[in-house]
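Just so we're on the same page: letters track the sequence lines, and every chain starts at 1.
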Protein chains: 2
Amino acid sequence: MKDVAKHFELFLRQRSLRLTRQREAILKAIYGTHRHVTAEELYELLQKAGDAKALRISRATVYRTLSLLAEGGFVQALELGRDRGTLYEHTLGHEHHDHMVCMACGKIIEFHDDELEQVQAAAIRRHGFEATSHRLNVFGTCAKCQEKGKGSAAGEAQAG
Amino acid sequence: MKDVAKHFELFLRQRSLRLTRQREAILKAIYGTHRHVTAEELYELLQKAGDAKALRISRATVYRTLSLLAEGGFVQALELGRDRGTLYEHTLGHEHHDHMVCMACGKIIEFHDDELEQVQAAAIRRHGFEATSHRLNVFGTCAKCQEKGKGSAAGEAQAG
DNA sequence: CTCGAAATGAGAACGAGTCTCAACCGCGGG
DNA sequence: CCCGCGGTTGAGACTCGTTCTCATTTCGAG
């Protein structure tokens, strides 16, 4: 986290941007949670935290900073349908991973598989495409919810 | 296409829904293009086409029908960031495929790889998850744009 | 400390998508 | 072939995530 702050400062300096209290607070906030948060959640979180230090942060600043952090690779946006807003997760200290979203309980599970990455990369290359990033989102039912659902009613959920 | 209309009629009948001229027109429109279209594009398209037949279709109906078609598995939604709206593609006659999005020219390339699918399925199963669907979106530069970019300026684009 | 430029706050604006509800019309029954 | 029930539609209001505007504040180099 100390490290991250350093990196962020450097990143800003490189682009002649300023290190403001707001930006610091936002970086700290998103690195202080292990969850996937929306801009709004982060905003509310910062409202509370900020009261103590008399530091008000507007919604606009949260959005702006989140974009900045995404550009710098400090956070990553996750888009899982237009119903919820964009979710953010911090990236430093988390290697690339994919997401499984449980349609029953809403849990988001991160996973990583080397073989999968390799096969993916190969398939993409085979098509002459040069990938800079990729996102795999899996929708379905997590282990826990499979248990729960065994006797009782069934679920729905579908698409491709 | 004739086939699809039949299937759709059946689908509606099973759910005691009605086959209206609007629904027919929308189904026909989305099966009449090979592109990925937004609800808005489809709406405009239908405005023109409808003038001839004096059939006006409202935006609401386009959205409603698109959802219905998605439920029935006739179309599939593609979400590639909040900047554009949701894209739709018809599914019947198209097996499952993933998407590569060129950040330079905006082209969307569909591809499919059996090995990839298998490895994916295995990785997911290994985590005790039961998948009902998944989406792999790859962002980068298509072969054509790689050529173009070779001598001149570079591109940006990034994320995970 | 000074000053210019970047950053912020508040709220207006935007836009994709949804909702409302009166008018409409598929479609099964008579 | 007409009737009527209730699903469907159109128009536009509405929602809500996100971006924009612009006056004011605040970094931070000198």
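Residues from residues 62-69 of chain B with heavy atoms under 4.0 angstrom of DNA chain C, sorted by number: Tyr63(B), Arg64(B).
Between Lys107(A) atom NZ and Lys144(A) atom NZ the span is 4.5 Å, to the nearest 0.5 Å. Distance check, rounded to the nearest 0.5 Å: NE2 of His96(A) to CZ of Arg135(A) gives 8.0 Å.
Not counting sequence neighbours, Arg23(A) has no partner by the salt bridge (charged side-chain N to carboxylate O under 4.0 Å, His left out) test. Checked against ring-ring contact (aromatic ring centres under 6.0 Å, His included), His112(B) has no partners two or more places apart in sequence or in another chain. With sequence neighbours left out, the ring-ring contact (aromatic ring centres under 6.0 Å, His included) criterion links His36(A) to His99(A). Under the rule for a side chain to side chain contact (heavy atoms under 4.5 Å, CB included), the partners of Thr38(A) that lie at least two apart in sequence or sit in another chain are Glu40(A), Glu41(A), Leu87(A). With sequence neighbours excluded, no residue satisfies ring-ring contact (aromatic ring centres under 6.0 Å, His included) with His7(B). Applying the side chain to side chain contact (heavy atoms under 4.5 Å, CB included) rule to Gln47(B) yields the partners Tyr43(B), Arg56(B); only residues at least two apart in sequence or on another chain are considered. Taking Phe11(B) as the reference, Phe74(B) meet the ring-ring contact (aromatic ring centres under 6.0 Å, His included) condition, with sequence neighbours excluded.
Across all strands, Thr38(B) comes closer than 4.0 Å to no nucleic acid atom at all (heavy-atom distances).
As rounded to whole Å, 10 Å separates atom C1' of dT9(D) from atom CD1 of Ile26(B). What separates CD of Glu24(B) from P of dT8(D) is a distance of 14 Å, to the nearest Å. Distance CG (Leu42(A)) to P (dT18(D)): 12 Å, rounded to an integer number of Å. Rounded to whole Å, atom C1' of dG12(D) lies 11 Å from atom OH of Tyr43(B).
Between Glu40(A) and Ala60(A), the residue anchored nearer the 5' end of DNA chain D, judged by the nucleotide with its closest heavy atom, is Glu40(A).
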Under-3.5 Å N/O pairs linking protein and nucleotides 26-30 of chain D:
| residue | atom | partner | partner atom | Å |
| --- | --- | --- | --- | --- |
| dC27(D) | O2 | Arg18(A) | NE | 3.4 |
| dC27(D) | O2 | Arg18(A) | NH1 | 3.0 |
| dC27(D) | O2 | Arg18(A) | NH2 | 3.1 |
| dG28(D) | OP1 | Leu19(A) | N | 2.9 |

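Put simply, Arg23(B) has a side-chain N or O that comes within less than 4.0 Å of OP1 or OP2 on dT8(D).
With Tyr88(B) as the fixed residue, the side-chain contact (heavy atoms from CB on, under 4.5 Å) test singles out one of Val75(B), Leu42(B), Leu69(B), Thr33(B): Val75(B).
Taking five base pairs at each end of the helix from dC1(C)-dG30(D) to dG30(C)-dC1(D), the local helix axes there meet at an angle of 30°, rounded to 10°.
Of all heavy-atom pairs between Thr141(A) and Cys102(A), the closest is CA-SG, 4.0 Å.
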Which atom pairs, one a donor and one an acceptor, fall under 3.5 Å between side chains of residues 119-130 of chain B and the rest of the protein, sequence neighbours left out?
| residue | atom | partner | partner atom | Å |
| --- | --- | --- | --- | --- |
| Gln120(B) | OE1 | His134(B) | NE2 | 3.0 |
| Arg126(B) | NH1 | Asp113(A) | OD2 | 2.5 |

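On the nucleic acid side, DNA chain C has its first and last nucleotide under 4.0 Å of a heavy atom of chain B at dA16(C) to dG28(C), going 5' to 3'.
With salt bridges taken as basic N to acidic carboxylate O contacts below 4.0 Å, one links Glu9(B) and Arg13(B).
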